Student: 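Structure incoming, see below.
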2 protein chains.
Amino acid sequence: MGLAFSTPTDAQTVDSLPSWNDGKAKQSIIAFVEKVTEQGSPDFVPPAERIAVFDNDGTLWAEQPMYFQVLFALDRVKALAPQHPEWKDKEPFASLLKGDVKGAMADGMKSVVKIIMATHAGMTTAEFETIVKDWLSTAKHPTTKRPYTEMVYQPMLELLDYLRDSGFKTFIVSGGGIEFMRPWSEQAYGVPAEQVIGSSIKVEYEMRDGEPVLVRLPELDFYDDKEGKPVAIHQQIGRRPLAAFGNSDADLQMLQWTTAGKGPRFALYVHHTDAEHEWAYDRESSFGRLDKGLDEAQAKGWTLVDMKEDWKVIYPHEKR
Amino acid sequence: MGLAFSTPTDAQTVDSLPSWNDGKAKQSIIAFVEKVTEQGSPDFVPPAERIAVFDNDGTLWAEQPMYFQVLFALDRVKALAPQHPEWKDKEPFASLLKGDVKGAMADGMKSVVKIIMATHAGMTTAEFETIVKDWLSTAKHPTTKRPYTEMVYQPMLELLDYLRDSGFKTFIVSGGGIEFMRPWSEQAYGVPAEQVIGSSIKVEYEMRDGEPVLVRLPELDFYDDKEGKPVAIHQQIGRRPLAAFGNSDADLQMLQWTTAGKGPRFALYVHHTDAEHEWAYDRESSFGRLDKGLDEAQAKGWTLVDMKEDWKVIYPHEKR
């Protein structure tokens, strides 16, 4: 084959996953992609069916010391506090405004829901998008001091590109808020808004001075987690994915649903093992617990990414 | 320009809309597409933002004497009747099984919902897909005696192709059931399952003999009609469309939401005026009523397609 005809996906000349060490995880990805894309292969899958779904928190970007959307909500409570004098005596806001995050979270998910509804509803969808963009352009992570959008995983960015170059359509299927992710998913991941699936609150169509707006209501519409993920995939994509990527027990049903399909399927768990460059956690973590999923991955032979062993770098700024 | 470099979208050499008469409607479509796709034009829109949304019933295929999905449900009632002896004494089933469709529909939408839930729920999503495909492969329209998938509108198929050739991503946004449309939308319209939005019932993730299934529940999840259409567009696409196509008052909010966006936008109503080759109806019809929408289209200068005047043919088999 002449050089003029070589393509960037020619695995023999170009490494599509340069930030991955040459181990079992990388090899399993490449073997799967080559198998389903090779014309004439018994496992060939037409491009229309090449759907790949990715969890976001802990799979495409970091999720410690807590989900970044929760950190966003905490910042919003502080910003909105002057308009809510009643929060001084009302939990979980009172503790939060005193700087006692742990106290504010005493009621677990109940506290989180109260904080989310108070900070994510009551405005139009256009206003909320502006709030998210403004926050992301200035906010810094509490320990790395980096903008959150720089805390995406370089090896996963390469994987997204590699799959798209191989004819896959890449989707995000996250427990996080759909409107929290869409303003930056295209720039950060190359995933357009219409391929982002997540949790949502209800919105309502309303006419204001003759102009239609969509208003965000303080009411859950859909919680895209655990059993919710295959449901959302079905309702919003309408095809069973060929490949699924996650990092926690909340992704387990998505990986089960994906691999239960006929023909070749691929499931991968990112295992957080690099305490030095990122975080190390699994069975005991409050955010991104990987317990049942770890057992099932081992039992079923799914690909397990050992971040410390399999990845050369974590974040884009470390790229060599 | 040499012939070797001419492209199929070169409007001067190839007519992308051959089944459209050369009138105001066709001209308005072409003028809009050229304006937003011409590099350097002040109205240029990047491809990622070129979202076009289409209603289905009465816009892409026919909807008389009633929505085809209702005809599907009536056929399912007959097919399922032996397993439901209690239907003999229970409305709306009793009337229906006696052949009295009008009597069965006496309670309007309440009757329809009862029939839909009895025929569309209780099976897995995979089973339902098979039922829809089997029905479409054998069922015939009561008056034309043609398969339903042959009752799509040839001029609209050309329009879908023309928009896609011009870099648009085409979506269906229908009041009809999402799982009723997806099994055939790609073949009929070139719209893949993941770009079909519609009404839905709830589904539940369940393990059966160690295999995950999604079970359809007799409970409405989302009614994608009227105010629901902009909501669904927002939740599932996450971008405001550039162009919207409908035929009834149920599409009005979708057209309002689309045209309220900044910059160039396009709205089109298909007006059913051809009693000889299709049906003629608008302000008084039970299915596909176009009343408020007709007034608003005229007031706002939206494109109105007069089917009798603007279309050379209706269905693909009439293509000349």
Side-chain angles (χ1 to χ4, degrees), chain A residues 47-49 51 124-126 129 169 171 178-179 181-183 185-186 192-198 200-208 210-217 221-222 226-241 252-262, chain B residues 47-49 51 124-126 129 169 171 178-179 181-183 185-186 190 192-198 200-208 210-217 221-222 226-240 252-262:
Chain A
E49 294 292 337
I51 302 287
T124 68
T125 54
E129 184 177 337
K169 205 163 180 178
F171 286 81
I178 198 162
E179 293 190 62
M181 294 180 286
R182 280 179 169 160
S185 64
E186 178 130 34
E194 61 270 24
Q195 285 160 227
V196 175
I197 296 170
S200 54
I201 61 176
K202 288 198 191 293
V203 306
E204 193 173 52
Y205 185 79
E206 195 183 301
M207 279 286 176
R208 287 188 179 171
E211 285 292 304
V213 292
L214 292 170
V215 181
R216 291 169 59 82
L217 307 179
D221 179 47
F222 187 80
K226 300 191 176 76
E227 289 82 6
K229 290 200 176 197
V231 169
I233 287 169
H234 177 74
Q235 303 281 43
Q236 300 214 25
I237 305 178
R239 303 181 200 258
R240 196 190 298 248
L252 180 55
Q253 289 81 357
M254 175 167 84
L255 272 57
Q256 289 170 338
W257 175 245
T258 298
T259 53
K262 279 181 201 151
Chain B
E49 294 291 337
I51 302 286
T124 69
T125 54
E129 185 177 336
K169 206 165 179 176
F171 286 81
I178 198 163
E179 292 189 63
M181 295 180 285
R182 279 178 169 161
S185 64
E186 179 130 35
E194 62 269 25
Q195 285 160 227
V196 175
I197 297 169
S200 54
I201 61 176
K202 287 199 194 293
V203 305
E204 193 173 53
Y205 184 80
E206 197 184 301
M207 279 287 176
R208 289 190 180 170
E211 285 293 303
V213 292
L214 292 170
V215 181
R216 293 169 59 81
L217 306 180
D221 179 47
F222 187 79
K226 301 192 175 74
E227 290 81 6
K229 291 201 175 196
V231 170
I233 288 169
H234 178 74
Q235 303 281 44
Q236 300 215 26
I237 305 179
R239 304 182 198 256
R240 196 190 297 247
L252 180 56
Q253 288 82 358
M254 175 167 83
L255 271 57
Q256 289 171 339
W257 175 245
T258 297
T259 53
K262 280 182 201 151

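Hydrogens, waters and symmetry mates play no part in the numbers below; they use all other heavy atoms, side chains included. Here the structure is a predicted model, which means the values were calculated and not measured. Letters A, B, ... mirror the listed sequences (proteins, then strands); counts begin at 1.
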Student: Applying side-chain contact (heavy atoms from CB on, under 4.5 Å) to A:R239 and B:R182, what does each step give before you reach the verdict?
Tutor: CA-CA 9 Å; A:R239 303 181 200 258; B:R182 279 178 169 161; over 6 Å; no

Student: Of all the heavy-atom pairs spanning A:G238 and B:A193, show the shortest one and how long it is.
Tutor: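 That would be O-CB, 4.1 Å.
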
Student: With a 4.5 angstrom heavy-atom cut-off, is it the side chain or the backbone of A:K226 that approaches chain B, or both, or neither?
Tutor: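 Neither; nothing under 4.5 Å.
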
Student: For B:V196, is it the side chain, the backbone, both, or neither that has a heavy atom closer than 4.5 Å to a heavy atom of chain A?
Tutor: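 No part of B:V196 comes within 4.5 Å of chain A.
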
Student: In the structure I gave you, are the side-chain heavy atoms of B:Y205 and A:Q256 within less than 4.5 Å of one another anywhere?
Tutor: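 Yes - at least one pair of side-chain heavy atoms lies under 4.5 Å apart.
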
Student: Find out whether A:V231 and B:K202 are in side-chain contact, i.e. whether some heavy atom of one side chain is under 4.5 Å from a heavy atom of the other.
Tutor: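 Sidechains of B:K202 and A:V231: no contact.
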
Student: Which bit of A:I201 is near chain B, if near means a heavy-atom gap under 4.5 Å: side chain, backbone, both or neither?
Tutor: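 Contact with chain B: backbone only.
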
Student: For the side-chain contact (heavy atoms from CB on, under 4.5 Å) test, which of B:Q235, B:E227, B:H234, B:R240 pairs with A:L214?
Tutor: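 Testing A:L214 for a side-chain contact (heavy atoms from CB on, under 4.5 Å) against B:Q235, B:E227, B:H234, B:R240 leaves exactly one candidate, B:H234.
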
Student: I need the residue from A:Q195, A:K229, A:E179, A:M207 with the largest number of non-hydrogen atom pairs under 4.5 Å to chain B.
Tutor: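 Max contact count across the listed options: A:E179.
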
Student: Is the shortest heavy-atom distance from the side chain of B:Q236 to the side chain of A:E194 under 4.5 Å?
Tutor: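 Contact flag for B:Q236/A:E194 side chains = no.
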
Student: Between A:K169, A:E204, A:E211, A:E186, which has the largest tally of heavy atom pairs under 4.5 Å with chain B?
Tutor: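 Option with the greatest count: A:K169.
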
Student: Under a 4.5 Å heavy-atom cut-off, does chain B meet the side chain of A:F171, its backbone, both or neither?
Tutor: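 Just the side chain, heavy atoms under 4.5 Å.
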
Student: Please state whether the side chain, the backbone, both or neither of A:I197 comes within less than 4.5 Å of a heavy atom of chain B.
Tutor: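 For A:I197, neither part sits under 4.5 Å from chain B.
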
